[in-house]
4 protein chains.
Amino acid sequence: MPRPADPNAKIDLLRAAEEVFAERGLDNAKVGEITERAGHSKGSFYLHFGSKEDAFRQIVESTLARLAACLDENKIHESVRLPPGEHVAKWRADDLEMFEFIWANRRVMRLMLEGGGSSDFGYLIDQFADRSRKQAAEALRLGVANGLYRSDLDVDVASMVLAGGYDRVARELVRAERKPDLPKLLATLQRVCLTGIGSARVTAVVDRPVKKASARTVRTAARIQVARRNGAT
Amino acid sequence: MPRPADPNAKIDLLRAAEEVFAERGLDNAKVGEITERAGHSKGSFYLHFGSKEDAFRQIVESTLARLAACLDENKIHESVRLPPGEHVAKWRADDLEMFEFIWANRRVMRLMLEGGGSSDFGYLIDQFADRSRKQAAEALRLGVANGLYRSDLDVDVASMVLAGGYDRVARELVRAERKPDLPKLLATLQRVCLTGIGSARVTAVVDRPVKKASARTVRTAARIQVARRNGAT
Amino acid sequence: MPRPADPNAKIDLLRAAEEVFAERGLDNAKVGEITERAGHSKGSFYLHFGSKEDAFRQIVESTLARLAACLDENKIHESVRLPPGEHVAKWRADDLEMFEFIWANRRVMRLMLEGGGSSDFGYLIDQFADRSRKQAAEALRLGVANGLYRSDLDVDVASMVLAGGYDRVARELVRAERKPDLPKLLATLQRVCLTGIGSARVTAVVDRPVKKASARTVRTAARIQVARRNGAT
Amino acid sequence: MPRPADPNAKIDLLRAAEEVFAERGLDNAKVGEITERAGHSKGSFYLHFGSKEDAFRQIVESTLARLAACLDENKIHESVRLPPGEHVAKWRADDLEMFEFIWANRRVMRLMLEGGGSSDFGYLIDQFADRSRKQAAEALRLGVANGLYRSDLDVDVASMVLAGGYDRVARELVRAERKPDLPKLLATLQRVCLTGIGSARVTAVVDRPVKKASARTVRTAARIQVARRNGAT
DNA sequence: TATGAATGAGCGTTCATTCAT
DNA sequence: CATGAATGAACGCTCATTCAT
């Protein structure tokens with residue numbers, strides 16, 4: 001049964017594609033299932049997309065682009081110039097915006113965070129991960145320079161922890177069944193990132209720039225490597 | 001006596017399979033390519049594995065099992081009972097063992113961390129992520145009880161940051177071309193986790209349990225949601 | 001409007017499938033050969049049939065269903081109520097209809113009578129054989145009650161002979177190169193069935209219900225069994 | 001685990017092959033299953049048989065050869081020279097011998113009667129059917145000449161009925177779960193063949209040589225053919 | 001002779017993409 | 001623009017047969 005010209009065709013198809021990609025991953029998604037759910041014909045799919053991969057790319061890239069706006073360099077430059085109290089509040093507001101977006105688009109975000117079900121698009125995910133880390137690094141660098149962050153901070157490693165921590169929160173969020181209290185969650189997240197986990201007793205032990213590994217650690221590591229050489233499968 | 005079983009057959013096949021799965025992902029890996037690279041026949045593959053998926057599962061599960069040994073609960077219980085200095089050293093030694101393993105098995109680890117190229121095995125990755133987070137939470141809980149970690153720590157959120165931070169470091173590691181100085185890297189990582197990123201100026205602002213979101217944050221969030229309702233696709 | 005469905009596609013495929021199944025049997029028939037002979041693509045085959053077995057089933061079952069109409073119970077009930085002369089004529093007309101059908105569909109009929117070339121479909125053939133025998137038994141029972149057939153008839157055995165005799169005629173027919181004179185053949189067949197093969201001299205010997213095996217026969221049988229015990233594999 | 005030289009190897013393999021062929025048909029039987037059930041190696045199978053088909057042929061042909069002995073021409077020549085009473089008794093004894101053999105070898109017999117599960121061996125079955133019919137024809141011819149059978153018998157058709165009737169009884173026998181009372185069954189079978197099924201009322205109608213089809217029958221047949229041309233699928 | 005691991009040709013089926021209407 | 005029947009390359013898996021021991 002043909003239907004009249006449908007200006008919503010592409011939207012229907014994108015929505016259905018998103019659904020199917022999310023459920024099955026790129027490789028196991030069938031064009032036929034997408035068009036069936038969209039209520040359009042297979043031919044219509046190829047009127048709007050060059051290929052199945054193209055549809056996937058359009059979905060992922062548009063989401064990625066919109067998400068990237070939340071990780072804007074300008075915001076960072078602005079933010080680090082603020083006095084501590086406002087900096088912290090701005091940070092939280094920016095995070096909230098980003099996580100609201102992630103929640104709203106959790107299906108696609110989850111698809112992306114879990115690799116898209118195809119190794120061919122790993123680059124997209126990597127790209128985003130690299131970007132978020134670089135932004136974190138830049139923010140830390142500026143923050144250190146502005147006295148917001150610890151002057152002895154190893155920016156490379158800290159940016160990994162920061163990006164990774166946020167990444168993990170995002171991964172949990174996209175899999176959540178009910179929307180959590182985001183402002184509260186993000187405030188706590190921020191606080192953990194800023195203050196770390198150690199009590200005074202412990203931070204005293206580590207709270208100085210690490211020059212090099214202690215002799216003891218090096219010996220332990222050596223033992224482990226020897227063990228592995230002998231026994232690993 | 002029949003021709004004796006080629007003792008290398010399965011190993012060759014596993015190695016080749018690992019290679020091909022890593023390059024193409026499960027779905028796009030071709031059994032023919034695996035056997036060709038392994039230098040064995042197609043039939044031989046099915047002498048050792050029930051199916052392509054079975055080979056994938058064997059590779060991933062055995063790696064996962066060996067990795068799980070590095071995330072042992074006993075270690076945690078031991079570790080938190082030590083005095084701060086030793087606790088910190090033990091932590092680093094355990095981390096080193098784990099990351100040495102990850103480096104040694106970086107090809108499979110990368111495959112797993114990037115979703116295996118198939119949505120059917122997402123559960124494996126999820127499972128591991130859940131596990132690592134639960135272990136982190138348990139460690140934090142005990143550490144707080146023992147006075148090692150801040151008494152006002154939100155264990156749920158902090159465990160996400162911790163697991164996420166380590167996760168990210170692992171992701172960078174499996175993609176690294178040259179082996180980094182792991183002891184140094186892990187010491188820095190540990191230090192960041194323990195002390196956080198904030199300078200005294202900033203931590204002062206946030207260094208108290210968060211009761212609820214500030215009025216300002218709530219207003220910001222509301223604005224965002226309205227914006228999304230109007231414009232998001 | 002899409003390209004309209006090729007109305008001949010399924011018919012072409014069925015014809016070709018029938019041909020190939022008849023030549024090679026189900027198991028040795030190759031889908032590729034069927035589609036090649038049909039002048040359609042391999043994909044087209046799966047547009048019309050769920051599997052090779054499904055195509056086989058469709059061919060066999062539709063023929064079987066149409067054939068079953070020739071073995072209708074109603075016809076039997078009608079027929080046995082007629083006076084002898086008309087009964088005999090009706091019988092011949094019904095047989096003619098059935099054997100005309102068998103001739104017209106001799107390729108499929110032969111396929112079926114010879115087991116379809118696959119043990120998985122033996123049940124179809126058995127089913128038909130059972131049915132034809134049951135119909136014969138019913139017809140005989142009614143005929144005996146109506147005085148058309150011998151009152152001392154052993155219906156069970158006679159129905160086997162009847163069904164078997166017709167079965168064999170059908171088997172010869174489906175392998176015949178030229179169409180025989182069916183009305184004549186069937187008239188003769190009917191006559192043999194009705195009057196038997198024995199001359200008066202011989203029928204006198206056997207023309208009474210058999211009570212039990214004679215002593216001589218039993219002794220013979222015993223000898224045979226002993227012989228078998230000693231020598232048969 | 002190798003076993004000592006086993007002179008029973010071929011017998012074990014034949015028995016297992018018979019079993020598997022009977023269960024699955026030639027095409028679906030797997031050499032691996034045969035050797036497993038036989039308790040021998042795959043290699044051993046090919047030491048005794050050139051191929052799977054060869055094993056099948058050996059099984060079928062040896063059974064067929066032994067069965068053929070039961071359909072011996074000499075017996076026929078002997079039998080028809082006997083006076084009626086003895087002729088009938090001899091017939092029954094010969095039948096009994098044959099059906100005892102069929103019962104004893106019912107698994108292979110069933111395999112053969114049902115087409116062996118492969119069209120490639122249809123010729124064996126056809127061959128046997130032709131042979132049994134020819135023997136029947138020869139017996140009838142001689143019997144007519146000797147006044148044992150009706151002088152107006154159409155030997156060609158009657159031999160089909162005879163061979164078909166016996167064939168059907170054999171088909172039922174090979175599928176029977178318990179051994180029937182063969183002497184009684186065969187006596188009844190013989191009686192039906194000799195005397196036919198018709199009562200005097202009916203045989204009177206047909207008991208004369210058929211010259212040609214009646215005008216009425218021909219018209220009926222014509223009607224049917226017209227109908228088929230118009231309506232057949 | 002006996003073994004059973006190894007082989008690889010072969011086939012059923014899927015599904016992204018095309019194109020006549 | 002829209003349709004969906006048609007296409008055919010591609011791939012997982014099977015299993016009869018071989019042969020080093």
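Residue numbers start from 1 in every chain, and the chains themselves are labelled A, B, ... in the order their sequence lines are given, proteins ahead of strands. Please read these numbers as outputs of a predicted model, since none were measured by experiment.
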Completion exercise
In B/S/- notation (B base, S sugar-phosphate only, - none; protein heavy atoms under 4.0 Å), nucleotides 8-14 of chain E written 5' to 3' is B-BSBBB

Practice task
Starting at atom CD of B/Glu36, determine the distance to atom C1' of F/dG12, rounded to an integer number of angstrom.
Solution key: 16 Å

Exercise for the section: Please list, chain by chain and in numerical order, all residues satisfying ring pair (Phe, Tyr, Trp, His ring centres under 6.0 Å) with B/Phe49, sequence neighbours excluded. Expected result: B/Phe45

Handout entry: Whole angstrom value for the distance that separates C1' of E/dA16 from CD of A/Glu33
Key = 15 Å

Exercise for the section: Examine distances only and state if a side-chain atom of A/Ser44 and a backbone atom of A/His40 form a donor-acceptor pair shorter than 3.5 Å. Expected result: no

Handout entry: Results of side chain to side chain contact (heavy atoms under 4.5 Å, CB included) for D/Arg110 - residues two or more places apart only
Key = C/Asp126, D/Glu114, D/Val174, D/Arg175

Practice task
With sequence neighbours left out, write down each residue that passes side chain to side chain contact (heavy atoms under 4.5 Å, CB included) with B/Glu23, or none if nothing qualifies.
Solution key: B/Glu19, B/Arg37

Practice task
Measure from CG on B/Asp54 to P on F/dG12 and round the result to the nearest Å.
Solution key: 14 Å

Problem - side-chain N/O B/His48 vs E/dA5 OP1/OP2, d < 4.0 Å - result: no

Handout entry: Secondary-structure notation, DNA chain E, from Watson-Crick and G-U pairs under 3.5 angstrom (| other strand)
Key = .||||||||||||||||||||

Fill in the blank from the handout: Taken to the nearest whole Å, CD1/D/Ile34 to P/E/dG4 is 17 Å

Problem - Evaluation steps, side chain to side chain contact (heavy atoms under 4.5 Å, CB included), between B/Lys42 and B/Ile34 - result: CA-CA 9 Å; B/Lys42 241 172 172 185; B/Ile34 293 172; over 6 Å; no

Practice task
Nearest whole angstrom, please: distance from the P of F/dT18 to the CG of B/Asp6.
Solution key: 22 Å

Handout entry: Pair A/Glu36 + A/Lys30, salt bridge at N-O below 4.0 Å
Key = no

Exercise for the section: Would you check if C/Leu67 and C/Met109 make a side-chain contact, meaning some heavy-atom pair closer than 4.5 Å? Expected result: yes

Handout entry: Atom-pair distance (CZ on D/Phe49; P on F/dC15), nearest Å
Key = 20 Å

Problem - Other residues, nucleotides, ligands: >12 heavy atoms within 6.0 Å of A/Arg107 CZ - result: yes

Practice task
Report the distance from atom CZ of B/Arg24 to atom C1' of F/dC11, rounded to the nearest whole Å.
Solution key: 14 Å

Practice task
Using the side chain to side chain donor-acceptor pair (under 3.5 Å) rule, collect all pairs that involve residues 48-65 of chain B, keeping only residues at least two apart or in two chains.
Solution key: B/Lys10-B/Gln58, B/Asp54-B/Gln58

Problem - Integer-rounded Å distance: F/dT3 C1' and A/Leu47 CG - result: 10 Å

